[in-house]
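What's counted below: heavy atoms across the whole structure, side chains too, no hydrogens, waters or symmetry copies. Residue numbers run from 1 in the order of the sequence given.
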Amino acid sequence: MFERLEVLSGDLEKGIWAIDKSCITHYGNVFTSRNIQYSDIQVLTRTEQISNVVYIEIKLITGEKANAKLDVKYYSILYDNYTKAKPSSVGVDSTCSNDLKLTDNGHDKENALDLWSSKPSESSLNTYKPSRLHIFFGVLLSTYIIAAFIAPSKNSSDKRVKSILDLSSSQKATICKQYIGSLMGRSKDIMGEYQEGSIDTSYIRYYMDNEYWSFACTFTNDSIVWTGWLMRDSQPKWGRTRFEDEAAISYNPATKIVGIVGHGGVQL
């Protein structure tokens, strides 16, 4: 049995990848294969562990992303390959260097990929510093937008709400309840929004079997995906994003009905 990981979703080729000391390799067929050097991996985050299976998220310097799983002993080997390798500027094998950056949600929170926000990294924040002129026009534009929203107009709320992300936190929670209820076989009527969400995230939970079961739904303008709160872990935390259950959604502003492919619809 060779050391391997399985890509489940994302931009990389799905299926089994071999873990080498200097790179990971996917063999498409007899004529094609792909090697990813560790120096090409910008960040690799362990998002969840269930029994002996570790779930990870990979992000390359090209912007490609993938979600994968592997046995815990292979994850240890992957980590050991990095820690034992000490590349220098001279004499490094250019075909597969070992400049792998591993992070763990429990050990390096500043560098770990945040599954629930689009907050930029500190490095990206430092690349741009607005001028005074930009700040002035930004304040002017913000004032105009706020005035436009508070100014009374006929059917103004209907005009503003054109997509899923424009909906209110409680409306997104209603969609999340329908989606989670369908997935878990529970009535959405027993669910509640236990904290206000953000523009793309909603938090709901229900009480059953003497426990609270908490979930987060993440939205785009045309999709929804979930994760669960791992309350029984030694250090409770959010689990991995369940991309395998991602569903397409659509919103009809005229009827205020949201359709969730495979999970029914809901009236807002």
Side-chain angles (χ1 to χ4, degrees), residues 8-10 46-57 67-69 105-106 113-118 155-268:
L8 302 173
S9 63
R46 184 173 67 182
T47 58
E48 183 181 6
Q49 180 173 338
I50 301 177
S51 187
N52 291 328
V53 179
V54 175
Y55 291 86
I56 60 176
E57 184 171 74
N67 297 278
K69 67 177 182 179
N105 283 341
L113 290 180
D114 184 351
L115 299 179
W116 300 110
S117 74
S118 57
N155 296 326
S156 59
S157 61
D158 291 338
K159 292 179 181 178
R160 289 200 304 270
V161 178
K162 296 181 180 180
S163 70
I164 297 296
L165 296 182
D166 292 328
L167 297 173
S168 68
S169 177
S170 61
Q171 288 174 318
K172 294 191 189 85
T174 299
I175 302 169
C176 185
K177 293 175 191 177
Q178 174 68 31
Y179 174 58
I180 295 297
S182 174
L183 284 168
M184 303 301 164
R186 309 297 184 195
S187 170
K188 64 178 182 293
D189 297 331
I190 68 173
M191 302 177 187
E193 183 184 18
Y194 69 92
Q195 71 178 52
E196 187 173 356
S198 62
I199 188 173
D200 63 352
T201 307
S202 181
Y203 302 94
I204 65 159
R205 69 182 177 187
Y206 58 84
Y207 188 76
M208 182 170 288
D209 299 328
N210 297 318
E211 290 183 297
Y212 280 104
W213 301 82
S214 303
F215 304 89
C217 294
T218 300
F219 298 88
T220 68
N221 275 327
D222 56 14
S223 71
I224 184 172
V225 67
W226 72 281
T227 191
W229 180 252
L230 306 179
M231 57 188 168
R232 294 178 179 173
D233 275 21
S234 57
Q235 294 183 345
K237 61 182 182 297
W238 286 109
R240 67 181 179 86
T241 307
R242 302 287 179 170
F243 291 104
E244 63 270 27
D245 294 324
E246 188 171 14
I249 55 177
S250 60
Y251 174 62
N252 187 329
T255 61
K256 294 186 177 180
I257 293 178
V258 174
I260 311 172
V261 175
H263 303 284
V266 61
Q267 175 79 54
L268 300 180

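With contacts defined as side-chain heavy-atom distances shorter than 4.5 Å, the pair E193/S170 qualifies. Between Y203 and S214, the closest side-chain pair of non-hydrogen atoms is not below 4.5 Å. Between W238 and W229, the closest side-chain pair of non-hydrogen atoms falls below 4.5 Å. In this structure, L268 and I175 have side chains that are in contact, with non-hydrogen atoms separated by less than 4.5 Å. Side-chain atoms of E244 and L8, non-hydrogen and from C-beta on, never get closer than 4.5 Å to each other.
Remark: I164 CD1 to Y251 OH distance equals 7.5 Å, nearest 0.5 Å. Taking OG1 from T174 and CE from M191, the interatomic distance works out to 12.0 Å, rounded to the nearest 0.5 Å. Note: R240 CZ to N67 CG = 7.5 Å, rounded to the nearest 0.5 Å. Between the OG atom in S169 and the CD atom in Q195 there is a gap of 9.0 Å [rounded to 0.5 Å]. A distance of 8.5 Å separates CD1 in I180 from CG in D245, rounded to the nearest 0.5 Å. Taking CD1 of I224 as the reference point, atom CG of D200 lies at 11.5 Å (rounded to 0.5 Å).
In plain terms, the two heavy atoms of G228 and F215 that are nearest each other are CA-CD2, 4.2 Å. A216 and T201 get closest at one heavy-atom pair: CB-CG2, 4.4 Å. Across every non-hydrogen atom of A247 and V261, the tightest pair is CB-O, 3.7 Å. When all heavy atoms are compared, the tightest approach of S202 to F219 is CB-CE1, 3.9 Å. Taking every heavy atom of both residues into account, E48 and R242 meet most closely at OE2-NH2, 3.5 Å. Here the closest heavy-atom approach between residue N221 and residue S163 is recorded as OD1-OG, 2.9 Å.
Looking at residues two or more places apart in sequence or on another chain, you find no side-chain hydrogen bond (donor to acceptor under 3.5 Å, both in side chains) involving E196.
Put simply, the side chain of T227 gets close to the backbone of G239: a donor and an acceptor are under 3.5 Å apart. Side chain of T47 to backbone of Y55: a donor-acceptor contact under 3.5 angstrom is found. A side-chain donor-acceptor contact under 3.5 Å links W213 to the backbone of M208. For S187 (side chain) and D189 (main-chain N/O), a donor-acceptor pair under 3.5 Å exists by modelled atom type. A donor-acceptor contact shorter than 3.5 Å links the side chain of Q178 to the backbone of H263.
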